[in-house]
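Structure first, commentary second.
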Amino acid sequence: VRLPDLQSPEFVRAEEAARWCVRLCEGEMTGSDRAQFTRWLSDPAHRAAFDQAAEAWQAVNAVETSSEILALRVAALESLRRAQRARVGRRQLGARTLWALAGSVVLVVLFGIFAWRSPSSQQFTSAIGQRRTIALADGSSVYLDASSAVLVQYSAGARTLQLLRGRAKFQVAKDPQRPFLVRAADREIVATGTMFSVEIVQNEVQVILYQGHVSVTGPDRVRTALVAGDELIAPVALAQVHVAAANVARSLSWQSDRLEFVDEPLASAVERVNRYARNPVAIGDAAAASQRISGVFSAEDTRAFIEGVTAVSALRAEERNGREILWESGHARR
Amino acid sequence: VAEAEELEQHSFDPERIEAARRSLAALVARLMDLPERTREIFILYRIENVARRNIAQAFDLSLSTVEKEIARATAYLMIHQERPT
(Lines give C-alpha, C1' and ligand atoms only; values in the text may rest on other atoms or scores of the structure.)
Protein backbone atom coordinates (compact mmCIF):
# COMPACT_ATOMS: atom_id res chain seq x y z
CA VAL A 1 0.00 0.00 0.00
CA ARG A 2 1.32 3.41 -0.95
CA LEU A 3 0.90 6.43 1.30
CA PRO A 4 -1.37 9.00 -0.37
CA ASP A 5 -0.03 12.21 -1.80
CA LEU A 6 0.34 14.39 1.29
CA GLN A 7 0.07 17.54 -0.82
CA SER A 8 -3.15 16.61 -2.62
CA PRO A 9 -6.10 18.94 -1.94
CA GLU A 10 -8.13 15.98 -0.74
CA PHE A 11 -5.52 15.03 1.86
CA VAL A 12 -5.02 18.61 3.01
CA ARG A 13 -8.78 18.99 3.43
CA ALA A 14 -8.98 15.74 5.37
CA GLU A 15 -6.21 16.93 7.71
CA GLU A 16 -8.03 20.21 8.24
CA ALA A 17 -11.22 18.33 9.14
CA ALA A 18 -9.28 16.17 11.61
CA ARG A 19 -7.79 19.26 13.25
CA TRP A 20 -11.29 20.63 13.82
CA CYS A 21 -12.20 17.30 15.43
CA VAL A 22 -9.27 17.65 17.84
CA ARG A 23 -10.25 21.18 18.77
CA LEU A 24 -13.92 20.27 19.22
CA CYS A 25 -13.00 17.28 21.38
CA GLU A 26 -10.76 19.30 23.63
CA GLY A 27 -13.44 21.96 24.08
CA GLU A 28 -10.90 24.74 23.90
CA MET A 29 -12.63 26.83 21.23
CA THR A 30 -13.25 30.52 21.74
CA GLY A 31 -16.19 32.38 20.26
CA SER A 32 -14.17 33.41 17.22
CA ASP A 33 -12.93 29.81 16.74
CA ARG A 34 -16.55 28.70 16.65
CA ALA A 35 -17.46 31.35 14.11
CA GLN A 36 -14.50 30.25 12.00
CA PHE A 37 -15.57 26.62 12.29
CA THR A 38 -19.12 27.46 11.19
CA ARG A 39 -17.75 29.34 8.17
CA TRP A 40 -15.44 26.47 7.30
CA LEU A 41 -18.27 23.96 7.62
CA SER A 42 -20.57 25.89 5.29
CA ASP A 43 -18.57 24.56 2.32
CA PRO A 44 -20.19 21.20 1.34
CA ALA A 45 -16.77 19.64 0.58
CA HIS A 46 -15.61 20.59 4.10
CA ARG A 47 -18.80 19.28 5.64
CA ALA A 48 -18.29 15.91 3.90
CA ALA A 49 -14.67 15.77 5.02
CA PHE A 50 -15.71 16.55 8.61
CA ASP A 51 -18.31 13.75 8.61
CA GLN A 52 -15.70 11.40 7.22
CA ALA A 53 -13.21 12.35 9.94
CA ALA A 54 -15.77 11.70 12.66
CA GLU A 55 -16.59 8.39 11.01
CA ALA A 56 -12.91 7.38 10.92
CA TRP A 57 -12.53 8.16 14.62
CA GLN A 58 -15.62 6.15 15.50
CA ALA A 59 -14.38 3.24 13.41
CA VAL A 60 -11.26 3.14 15.61
CA ASN A 61 -13.25 3.32 18.85
CA ALA A 62 -15.58 0.57 17.68
CA VAL A 63 -12.70 -1.92 17.61
CA GLU A 64 -10.53 -0.62 20.44
CA THR A 65 -10.84 -3.81 22.51
CA SER A 66 -10.11 -6.22 19.67
CA SER A 67 -6.91 -8.17 20.20
CA GLU A 68 -5.20 -6.68 17.10
CA ILE A 69 -5.80 -3.13 18.29
CA LEU A 70 -4.89 -4.02 21.89
CA ALA A 71 -1.44 -5.11 20.69
CA LEU A 72 -0.96 -1.70 19.04
CA ARG A 73 -2.20 0.04 22.19
CA VAL A 74 0.26 -1.80 24.40
CA ALA A 75 3.09 -0.89 22.03
CA ALA A 76 2.04 2.77 22.04
CA LEU A 77 1.79 2.91 25.85
CA GLU A 78 5.19 1.26 26.23
CA SER A 79 6.70 3.75 23.86
CA LEU A 80 5.17 6.65 25.82
CA ARG A 81 6.47 5.22 29.09
CA ARG A 82 9.99 4.87 27.63
CA ALA A 83 9.87 8.45 26.36
CA GLN A 84 8.72 9.77 29.72
CA ARG A 85 11.45 7.87 31.54
CA ALA A 86 14.09 9.21 29.19
CA ARG A 87 12.72 12.68 29.75
CA VAL A 88 12.92 12.41 33.54
CA GLY A 89 16.50 11.19 33.08
CA ARG A 90 17.39 14.20 30.93
CA ARG A 91 15.92 16.60 33.44
CA GLN A 92 17.77 15.01 36.34
CA LEU A 93 21.10 15.35 34.53
CA GLY A 94 20.42 18.97 33.63
CA ALA A 95 19.45 20.14 37.07
CA ARG A 96 20.99 17.75 39.54
CA THR A 97 21.37 20.41 42.22
CA LEU A 98 17.79 21.49 41.92
CA TRP A 99 16.67 17.92 42.25
CA ALA A 100 18.82 17.43 45.31
CA LEU A 101 17.12 20.47 46.81
CA ALA A 102 13.72 19.25 45.85
CA GLY A 103 14.66 16.23 47.87
CA SER A 104 12.29 13.44 47.51
CA VAL A 105 9.79 14.64 44.99
CA VAL A 106 9.79 11.84 42.48
CA LEU A 107 7.97 11.49 39.22
CA VAL A 108 6.56 8.10 38.65
CA VAL A 109 4.80 7.00 35.56
CA LEU A 110 2.23 4.32 35.53
CA PHE A 111 1.21 2.33 32.57
CA GLY A 112 -0.88 -0.68 32.95
CA ILE A 113 -2.19 -2.60 30.07
CA PHE A 114 -5.69 -1.37 29.77
CA ALA A 115 -6.98 -4.61 28.46
CA TRP A 116 -10.66 -5.04 28.70
CA ARG A 117 -10.83 -8.24 30.72
CA SER A 118 -7.81 -7.75 32.92
CA PRO A 119 -7.82 -4.43 34.71
CA SER A 120 -4.28 -3.62 35.78
CA SER A 121 -3.62 -2.76 39.36
CA GLN A 122 -0.65 -0.97 40.80
CA GLN A 123 0.16 0.38 44.23
CA PHE A 124 2.14 3.56 44.86
CA THR A 125 3.54 4.42 48.25
CA SER A 126 5.57 7.35 49.48
CA ALA A 127 8.16 7.06 52.24
CA ILE A 128 8.46 9.34 55.26
CA GLY A 129 9.12 12.87 54.06
CA GLN A 130 8.75 11.89 50.41
CA ARG A 131 6.15 13.30 48.05
CA ARG A 132 5.41 11.79 44.68
CA THR A 133 3.67 12.87 41.53
CA ILE A 134 2.15 10.00 39.61
CA ALA A 135 1.14 10.58 36.01
CA LEU A 136 -1.58 8.20 34.93
CA ALA A 137 -1.97 7.10 31.34
CA ASP A 138 -5.29 8.89 30.84
CA GLY A 139 -3.70 12.27 31.62
CA SER A 140 -4.87 12.32 35.24
CA SER A 141 -2.32 12.94 38.01
CA VAL A 142 -2.04 11.91 41.63
CA TYR A 143 0.00 14.02 44.06
CA LEU A 144 0.85 11.79 46.97
CA ASP A 145 1.68 13.33 50.34
CA ALA A 146 4.42 11.76 52.48
CA SER A 147 3.73 8.40 54.19
CA SER A 148 0.76 7.77 51.92
CA ALA A 149 -0.35 4.95 49.66
CA VAL A 150 -2.76 4.66 46.78
CA LEU A 151 -3.85 1.67 44.71
CA VAL A 152 -4.71 2.36 41.06
CA GLN A 153 -6.91 0.06 39.00
CA TYR A 154 -7.79 1.09 35.47
CA SER A 155 -9.98 -0.81 33.07
CA ALA A 156 -11.75 0.09 29.85
CA GLY A 157 -14.93 0.97 31.75
CA ALA A 158 -13.74 2.50 35.02
CA ARG A 159 -10.92 4.25 36.82
CA THR A 160 -10.84 3.05 40.40
CA LEU A 161 -8.36 4.22 43.03
CA GLN A 162 -8.11 3.40 46.70
CA LEU A 163 -6.41 5.72 49.17
CA LEU A 164 -4.89 3.25 51.63
CA ARG A 165 -3.40 5.83 53.98
CA GLY A 166 -2.34 9.46 54.15
CA ARG A 167 -3.37 12.10 51.66
CA ALA A 168 -3.52 12.51 47.90
CA LYS A 169 -4.70 15.19 45.53
CA PHE A 170 -6.25 14.09 42.26
CA GLN A 171 -6.28 16.00 39.00
CA VAL A 172 -8.78 14.12 36.90
CA ALA A 173 -8.74 14.08 33.09
CA LYS A 174 -12.25 14.33 31.67
CA ASP A 175 -13.62 11.07 30.37
CA PRO A 176 -17.40 10.73 30.62
CA GLN A 177 -17.16 7.08 29.58
CA ARG A 178 -14.96 6.14 32.52
CA PRO A 179 -15.91 7.58 35.90
CA PHE A 180 -13.03 8.30 38.29
CA LEU A 181 -13.75 6.71 41.64
CA VAL A 182 -11.64 7.10 44.79
CA ARG A 183 -12.28 4.93 47.83
CA ALA A 184 -11.04 6.01 51.26
CA ALA A 185 -11.99 3.90 54.29
CA ASP A 186 -15.76 3.50 53.92
CA ARG A 187 -16.34 6.47 51.60
CA GLU A 188 -16.50 6.61 47.82
CA ILE A 189 -15.79 9.78 45.90
CA VAL A 190 -16.90 9.89 42.27
CA ALA A 191 -15.66 12.50 39.82
CA THR A 192 -15.58 13.06 36.09
CA GLY A 193 -13.14 15.87 35.26
CA THR A 194 -12.03 17.78 38.32
CA MET A 195 -9.40 18.39 41.01
CA PHE A 196 -9.83 17.29 44.60
CA SER A 197 -7.92 15.89 47.54
CA VAL A 198 -8.71 13.03 49.88
CA GLU A 199 -7.07 12.45 53.25
CA ILE A 200 -7.39 9.86 55.97
CA VAL A 201 -6.42 11.43 59.31
CA GLN A 202 -7.44 10.54 62.86
CA ASN A 203 -10.11 8.11 61.71
CA GLU A 204 -11.74 10.69 59.49
CA VAL A 205 -11.97 10.99 55.75
CA GLN A 206 -11.54 14.57 54.53
CA VAL A 207 -12.38 15.58 50.98
CA ILE A 208 -11.62 19.01 49.54
CA LEU A 209 -12.93 19.95 46.11
CA TYR A 210 -10.93 22.52 44.13
CA GLN A 211 -12.70 22.39 40.76
CA GLY A 212 -15.66 20.71 39.13
CA HIS A 213 -18.03 18.34 40.88
CA VAL A 214 -17.69 15.23 42.99
CA SER A 215 -20.12 13.23 45.04
CA VAL A 216 -19.22 11.32 48.20
CA THR A 217 -21.07 8.15 49.14
CA GLY A 218 -21.12 6.94 52.74
CA PRO A 219 -21.61 3.46 54.22
CA ASP A 220 -25.37 4.11 54.24
CA ARG A 221 -25.19 4.73 50.45
CA VAL A 222 -26.30 8.33 50.96
CA ARG A 223 -24.63 10.64 48.47
CA THR A 224 -23.38 14.12 49.28
CA ALA A 225 -22.60 16.39 46.33
CA LEU A 226 -19.83 18.97 46.76
CA VAL A 227 -19.24 22.23 44.94
CA ALA A 228 -15.83 23.79 44.37
CA GLY A 229 -14.34 25.14 47.59
CA ASP A 230 -16.21 22.68 49.82
CA GLU A 231 -14.55 20.56 52.46
CA LEU A 232 -16.29 17.39 53.62
CA ILE A 233 -15.35 15.67 56.86
CA ALA A 234 -16.72 12.17 57.44
CA PRO A 235 -15.89 10.10 60.53
CA VAL A 236 -15.15 6.52 59.50
CA ALA A 237 -17.99 4.07 60.27
CA LEU A 238 -20.49 6.83 61.01
CA ALA A 239 -23.10 7.97 58.52
CA GLN A 240 -22.79 11.65 59.45
CA VAL A 241 -20.89 14.10 57.27
CA HIS A 242 -19.93 17.68 57.83
CA VAL A 243 -19.58 20.05 54.86
CA ALA A 244 -17.99 23.49 55.24
CA ALA A 245 -16.08 26.02 53.18
CA ALA A 246 -12.46 24.91 52.80
CA ASN A 247 -9.46 27.16 53.19
CA VAL A 248 -8.11 26.31 49.76
CA ALA A 249 -4.71 27.98 50.10
CA ARG A 250 -4.03 26.38 53.46
CA SER A 251 -5.17 22.96 52.30
CA LEU A 252 -2.58 23.01 49.49
CA SER A 253 0.34 24.05 51.72
CA TRP A 254 1.63 20.47 52.04
CA GLN A 255 2.58 20.56 48.38
CA SER A 256 5.02 23.37 49.11
CA ASP A 257 6.72 21.80 52.15
CA ARG A 258 4.59 23.67 54.63
CA LEU A 259 2.16 22.43 57.22
CA GLU A 260 -0.39 24.97 58.34
CA PHE A 261 -2.61 24.42 61.32
CA VAL A 262 -5.41 26.64 62.53
CA ASP A 263 -7.02 25.57 65.77
CA GLU A 264 -6.18 21.98 64.96
CA PRO A 265 -6.27 19.18 67.56
CA LEU A 266 -2.69 18.12 68.37
CA ALA A 267 -3.49 14.50 67.45
CA SER A 268 -4.21 15.22 63.78
CA ALA A 269 -1.42 17.83 63.55
CA VAL A 270 1.10 15.28 64.87
CA GLU A 271 -0.18 12.65 62.47
CA ARG A 272 0.54 15.03 59.59
CA VAL A 273 3.94 16.08 60.99
CA ASN A 274 4.89 12.41 61.35
CA ARG A 275 4.40 11.87 57.63
CA TYR A 276 7.67 13.79 57.32
CA ALA A 277 9.43 12.92 60.58
CA ARG A 278 12.37 10.48 60.63
CA ASN A 279 11.76 10.18 64.37
CA PRO A 280 8.02 10.30 64.83
CA VAL A 281 6.62 12.51 67.55
CA ALA A 282 4.46 10.79 70.17
CA ILE A 283 1.64 12.15 72.28
CA GLY A 284 1.86 11.35 75.98
CA ASP A 285 -1.70 11.74 77.19
CA ALA A 286 -5.26 12.38 76.09
CA ALA A 287 -5.22 15.91 77.48
CA ALA A 288 -2.32 16.75 75.16
CA ALA A 289 -4.01 15.04 72.19
CA SER A 290 -7.00 17.34 72.41
CA GLN A 291 -4.96 20.55 72.80
CA ARG A 292 -5.60 22.83 69.85
CA ILE A 293 -2.66 24.36 68.05
CA SER A 294 -2.10 26.91 65.30
CA GLY A 295 0.94 27.82 63.24
CA VAL A 296 2.86 27.42 60.02
CA PHE A 297 5.67 24.88 60.11
CA SER A 298 8.24 23.56 57.70
CA ALA A 299 7.32 19.98 56.87
CA GLU A 300 11.00 19.02 56.96
CA ASP A 301 11.73 20.40 60.41
CA THR A 302 10.12 18.36 63.18
CA ARG A 303 12.32 20.04 65.81
CA ALA A 304 10.86 23.47 64.92
CA PHE A 305 7.34 22.07 65.21
CA ILE A 306 8.02 20.79 68.74
CA GLU A 307 9.63 24.05 69.78
CA GLY A 308 6.79 26.02 68.20
CA VAL A 309 3.94 24.22 69.90
CA THR A 310 5.60 23.99 73.30
CA ALA A 311 6.38 27.71 73.24
CA VAL A 312 2.81 28.88 72.76
CA SER A 313 0.55 26.24 74.25
CA ALA A 314 0.07 24.26 77.43
CA LEU A 315 2.32 21.48 76.14
CA ARG A 316 5.78 20.34 77.10
CA ALA A 317 8.14 18.01 75.28
CA GLU A 318 10.17 15.23 76.79
CA GLU A 319 12.78 13.13 75.04
CA ARG A 320 12.73 9.44 75.79
CA ASN A 321 14.87 6.88 73.90
CA GLY A 322 15.48 9.43 71.15
CA ARG A 323 11.76 10.09 70.72
CA GLU A 324 10.03 13.35 71.48
CA ILE A 325 6.87 12.96 73.49
CA LEU A 326 4.37 15.79 73.92
CA TRP A 327 2.58 16.00 77.25
CA GLU A 328 0.03 18.35 78.63
CA SER A 329 1.91 20.78 80.93
CA GLY A 330 0.00 19.77 84.04
CA HIS A 331 0.92 16.12 83.58
CA ALA A 332 3.21 14.95 86.36
CA ARG A 333 6.76 14.10 85.35
CA ARG A 334 7.60 10.51 86.03
CA VAL B 1 -32.54 1.95 2.42
CA ALA B 2 -35.12 -0.67 3.39
CA GLU B 3 -32.51 -3.34 2.85
CA ALA B 4 -30.02 -1.52 5.05
CA GLU B 5 -32.57 -1.37 7.87
CA GLU B 6 -33.26 -5.04 7.43
CA LEU B 7 -29.55 -5.77 7.86
CA GLU B 8 -29.39 -3.54 10.92
CA GLN B 9 -31.92 -5.75 12.67
CA HIS B 10 -30.00 -8.93 11.99
CA SER B 11 -26.79 -8.02 13.72
CA PHE B 12 -25.79 -11.67 14.14
CA ASP B 13 -26.02 -12.31 10.45
CA PRO B 14 -22.84 -14.26 9.47
CA GLU B 15 -22.31 -11.97 6.49
CA ARG B 16 -22.35 -8.95 8.74
CA ILE B 17 -19.88 -10.57 11.13
CA GLU B 18 -17.62 -11.40 8.20
CA ALA B 19 -17.88 -7.79 6.97
CA ALA B 20 -17.00 -6.49 10.43
CA ARG B 21 -13.99 -8.81 10.58
CA ARG B 22 -12.84 -7.60 7.17
CA SER B 23 -13.17 -3.95 8.10
CA LEU B 24 -11.25 -4.52 11.34
CA ALA B 25 -8.44 -6.20 9.40
CA ALA B 26 -8.47 -3.32 6.90
CA LEU B 27 -8.32 -0.75 9.72
CA VAL B 28 -5.39 -2.52 11.40
CA ALA B 29 -3.60 -2.72 8.05
CA ARG B 30 -4.10 1.01 7.49
CA LEU B 31 -2.81 1.79 10.97
CA MET B 32 0.26 -0.35 10.22
CA ASP B 33 0.93 1.68 7.05
CA LEU B 34 1.51 4.76 9.17
CA PRO B 35 4.97 5.68 10.43
CA GLU B 36 5.40 4.21 13.91
CA ARG B 37 5.51 7.53 15.80
CA THR B 38 2.40 8.84 13.97
CA ARG B 39 0.51 5.63 14.77
CA GLU B 40 1.54 5.73 18.44
CA ILE B 41 0.53 9.34 18.89
CA PHE B 42 -2.82 8.70 17.23
CA ILE B 43 -3.55 5.66 19.44
CA LEU B 44 -2.44 7.42 22.64
CA TYR B 45 -4.63 10.39 21.86
CA ARG B 46 -7.65 8.71 20.39
CA ILE B 47 -7.91 5.46 22.39
CA GLU B 48 -5.91 5.96 25.56
CA ASN B 49 -7.17 9.51 26.06
CA VAL B 50 -3.70 10.80 26.90
CA ALA B 51 -3.81 14.60 26.82
CA ARG B 52 -2.08 16.21 23.83
CA ARG B 53 0.09 18.19 26.24
CA ASN B 54 1.34 14.98 27.91
CA ILE B 55 2.14 13.39 24.56
CA ALA B 56 4.03 16.52 23.49
CA GLN B 57 6.07 16.59 26.71
CA ALA B 58 6.97 12.91 26.62
CA PHE B 59 8.11 12.88 23.00
CA ASP B 60 9.64 16.33 23.21
CA LEU B 61 7.36 17.73 20.49
CA SER B 62 5.35 20.92 20.22
CA LEU B 63 1.60 20.82 20.79
CA SER B 64 1.02 21.72 17.15
CA THR B 65 3.29 18.91 15.93
CA VAL B 66 1.25 16.44 17.96
CA GLU B 67 -1.92 17.90 16.45
CA LYS B 68 -0.38 17.55 12.99
CA GLU B 69 0.43 13.87 13.61
CA ILE B 70 -3.10 13.17 14.83
CA ALA B 71 -4.55 14.98 11.81
CA ARG B 72 -2.25 13.10 9.42
CA ALA B 73 -3.24 9.71 10.84
CA THR B 74 -6.93 10.61 10.76
CA ALA B 75 -6.71 11.89 7.19
CA TYR B 76 -4.98 8.69 6.11
CA LEU B 77 -7.70 6.55 7.70
CA MET B 78 -10.37 8.80 6.12
CA ILE B 79 -9.04 8.57 2.61
CA HIS B 80 -8.68 4.82 2.80
CA GLN B 81 -11.99 4.34 4.55
CA GLU B 82 -14.17 1.66 2.96
CA ARG B 83 -17.02 3.35 1.16
CA PRO B 84 -20.41 1.70 1.48
CA THR B 85 -21.62 1.13 -2.05
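Numbers restart at 1 for each chain; the letters A, B, ... are given by sequence-line order, proteins then strands.
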For Glu188(A), the salt bridge (charged side-chain N to carboxylate O under 4.0 Å, His left out) test, sequence neighbours excluded, returns Arg183(A), Arg221(A)

Between Leu31(B) and chain A, with a heavy-atom cut-off of 4.5 Å, which part of the residue counts as in contact: side chain, backbone, both or neither? side chain

Can you tell me how far apart CD1 (Ile70(B)) and SG (Cys21(A)) are? Round to the nearest 0.5 Å. 11.0 Å

Chain A interface, residue from Arg39(B), Met32(B), Glu40(B) that has the most non-hydrogen pairs under 4.5 Å: Glu40(B)

Would you compute the distance between atom CZ of Arg46(B) and atom CZ of Arg73(A) and round it to the nearest 0.5 angstrom? 12.0 Å

Minimum heavy-atom distance Tyr45(B)-Val22(A), with the two atoms named: OH-CG1, 3.4 Å

Residue Arg53(B) versus chain A: region with a heavy atom under 4.5 Å: neither

For a quick test of reading the model, state the closest non-hydrogen atom pair linking Asn54(B) to Gln84(A) and the distance between them. O-NE2, 4.4 Å

Enter the distance from Phe11(A):CZ to Arg72(B):CZ here, rounded to the nearest 0.5 Å. 6.0 Å

Nearest 0.5 angstrom please: Leu72(A) CG to Ile43(B) CD1, how far? 4.5 Å

So how far is it from Glu55(A) CD to Leu77(B) CG, rounded to the nearest 0.5 Å? 11.5 Å

Euclidean distance, Glu67(B) CD relative to Glu15(A) CD, rounded to 0.5 Å: 10.5 Å

Could you check if a side-chain atom of Thr74(B) sits within less than 4.5 angstrom of a side-chain atom of Val60(A), using non-hydrogen atoms only? no

Is it true that a side-chain atom of Gln52(A) and a backbone atom of Met78(B) form a donor plus acceptor pair closer than 3.5 Å? yes

Does Gln123(A) have more than 12 heavy atoms from other residues, nucleotides or ligands lying within 6.0 Å of its CD? yes

Answer key: most heavy-atom pairs under 4.5 Å with chain B among Ala49(A), Gly139(A), Ala14(A) is Ala14(A)

